[in-house]
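Nothing fancy with the numbering, it's 1 onward along the sequence. Fair warning: this is a prediction, and the values are worked out from it, not measured in the lab.
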Amino acid sequence: MKVLFLDHYGVLCLSPKPVTRTEFSMPTSDEFADTGITFFSDFDPDAVAVLNDIIQRTGAEIVISSDWKRETTLSGMCEFYHKQGIEKMPLAYTDWLPGAATYHEQRASEIRTWLDQHPEITHWVAVDDLYMGTWLPNFAWAKHVDQGIKDPAVQGQILELLATQELEYNER
């Protein structure tokens with residue numbers, strides 16, 4: 001099975017302001033000032049179209065790694081995805097596992113834990129605006145928060161990892 005681990009803000013819910021992440025940066029209150037972006041703000045329609053195309057081309061399942069998982073049930077998230085025009089509903093959430101040294105490491109740990117619990121996964125990629133490349137080998141960094149998954153470089157990484165990856169379980 002192929003899995004796409006999705007963050008929301010900076011990947012599908014895009015900043016109206018040009019914002020570029022560094023490896024250690026986090027969203028700030030200035031970033032959200034005067035944007036109207038909150039939990040469950042609408043996804044960018046073009047980002048949704050890109051996601052739908054990736055899902056159609058790869059057959060990947062969606063697992064939510066975004067903090068938005070803490071705000072609703074999986075059923076509620078599926079309703080939100082449907083309203084946003086996403087053609088495939090999320091399969092699951094990663095667990096919330098606080099306690100890591102950094103938030104970036106925590107998110108990566110949540111993904112690795114989910115993978116450890118699902119040895120049937122053959123291909124996977126995590127897409128996030130937070131840099132997790134230090135902890136995850138299969139990572140597509142959406143560092144341009146106003147472009148997210150629409151960035152051709154991000155799309156290319158996702159498609160390459162979901163199409164060609166042949167991992168042994170212990171390589172995760």
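- Taking both residues in full, the closest heavy atoms of T72 and G76 are given as OG1-CA, 3.5 Å, listed atom of the first, atom of the second, then distance.
- M1 and L136 fall within a single hydrophobic cluster, where Ile, Leu, Val, Met, Phe, Trp and Tyr side chains are chained together by heavy-atom contacts under 4.5 Å.
- Between D46 and L14, the closest side-chain pair of non-hydrogen atoms is not below 4.5 Å.
- Scanning all heavy atoms of the two residues, the minimum distance from V11 to A142 falls at CG2-CB, 4.1 Å.
- Under the 4.5 Å side-chain heavy-atom criterion for grouping Ile, Leu, Val, Met, Phe, Trp and Tyr, L74 is connected to I55 within one hydrophobic cluster.
- The shortest side-chain heavy-atom distance between L4 and L51 falls under the 4.5 Å cut-off.
- Taking the side chain as every heavy atom from C-beta outward, V63 and L6 never approach each other to under 4.5 Å.
- No side-chain donor-acceptor contact under 3.5 Å links T113 to the backbone of E110.
- Distance check: Q84 CD to M77 CE gives 10.5 Å after rounding to the nearest 0.5 Å.
- Checking side-chain atoms of E61 against main-chain N and O of K2 turns up no donor-acceptor pair under 3.5 Å.
- The two atoms that bring V19 and R21 nearest to each other are CG1-NH1, 3.7 Å, heavy atoms only.
- Of all the heavy atoms in L130 and W141, the pair that sits closest is C-NE1, 4.1 Å.
- The side-chain heavy atoms of I62 and Y81, taken from C-beta on, include a pair separated by under 4.5 Å.
- Aromatic rings of Y93 and W114 (six-membered ring for Trp) have centroids beyond the 6.0 Å cut-off, not under it.
- Rounding to the nearest 0.5 Å places CD1 of I158 at 9.5 Å from CG of D151.
- Under the 6.0 Å cut-off for aromatic ring centres, F43 and W68 qualify, their centroids lying closer than that.
- Remark: side-chain polar atoms of K150 are not paired, donor with acceptor, to backbone N or O of A49 under 3.5 angstrom.
- For residues 90-109, the set of pairs meeting the salt bridge (charged side-chain N to carboxylate O under 4.0 Å, His left out) definition, not counting sequence neighbours, comprises D7-R107, D67-R107, R107-D128.
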task: Report the C-alpha separation of R57 and D53 in whole Å, then their side-chain angles, then the decisive distance to 0.1 Å, and conclude whether the salt bridge (charged side-chain N to carboxylate O under 4.0 Å, His left out) test is met.
output: CA-CA 6 Å; R57 291 171 67 181; D53 180 63; 3.3 Å; yes

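- Summarising the geometry, atom SG belonging to C13 is positioned 10.5 Å from atom CG belonging to D129; distances are rounded to the nearest 0.5 Å.
- Atom CD of Q147 sits about 12.0 Å away from atom CD1 of I149, to the nearest 0.5 Å.
- If you take NZ on K88 and SG on C78, they are separated by 12.0 Å, rounding to the nearest 0.5 Å.
- Cation-pi geometry between R70 and W96 is met: under 6.0 angstrom from the ring centre, within 45 degrees of the axis.
- Residues K17 and D146 are not paired through a salt bridge, judged by the lack of any N-O separation under 4.0 Å between the basic side chain and the carboxylate.
- Of the possible donor and acceptor atoms, none in the side chain of W124 sits under 3.5 Å from a partner among the backbone N and O of N138.
- Residues Y9 and S41 are not in side-chain contact: their nearest non-hydrogen atoms beyond the backbone lie 4.5 Å or more apart.
- For the salt bridge (Lys or Arg N to Asp or Glu O under 4.0 Å) test, no residue two or more places apart in sequence or in another chain qualifies with K143.
- Contact record, Y131 with W135: O-CZ3, 3.8 Å, taken as the closest heavy-atom pair.
- When atom types are taken as modelled, the side chain of H82 and the backbone of E87 share no donor-acceptor pair closer than 3.5 angstrom.
- Here the side chains of T94 and I64 are not in contact, with every heavy-atom distance at 4.5 Å or above.
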query: Going through the distances and angles, do H8 and F80 end up as a ring pair (Phe, Tyr, Trp, His ring centres under 6.0 Å)?
result: CA-CA 12 Å; H8 291 151; F80 178 75; 7.0 Å; no

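- Of all heavy-atom pairs spanning I111 and A126, the tightest one is CD1-CB, 3.7 Å.
- Looking at T20 and V145, their side chains never come closer than 4.5 Å, going by heavy atoms from C-beta outward.
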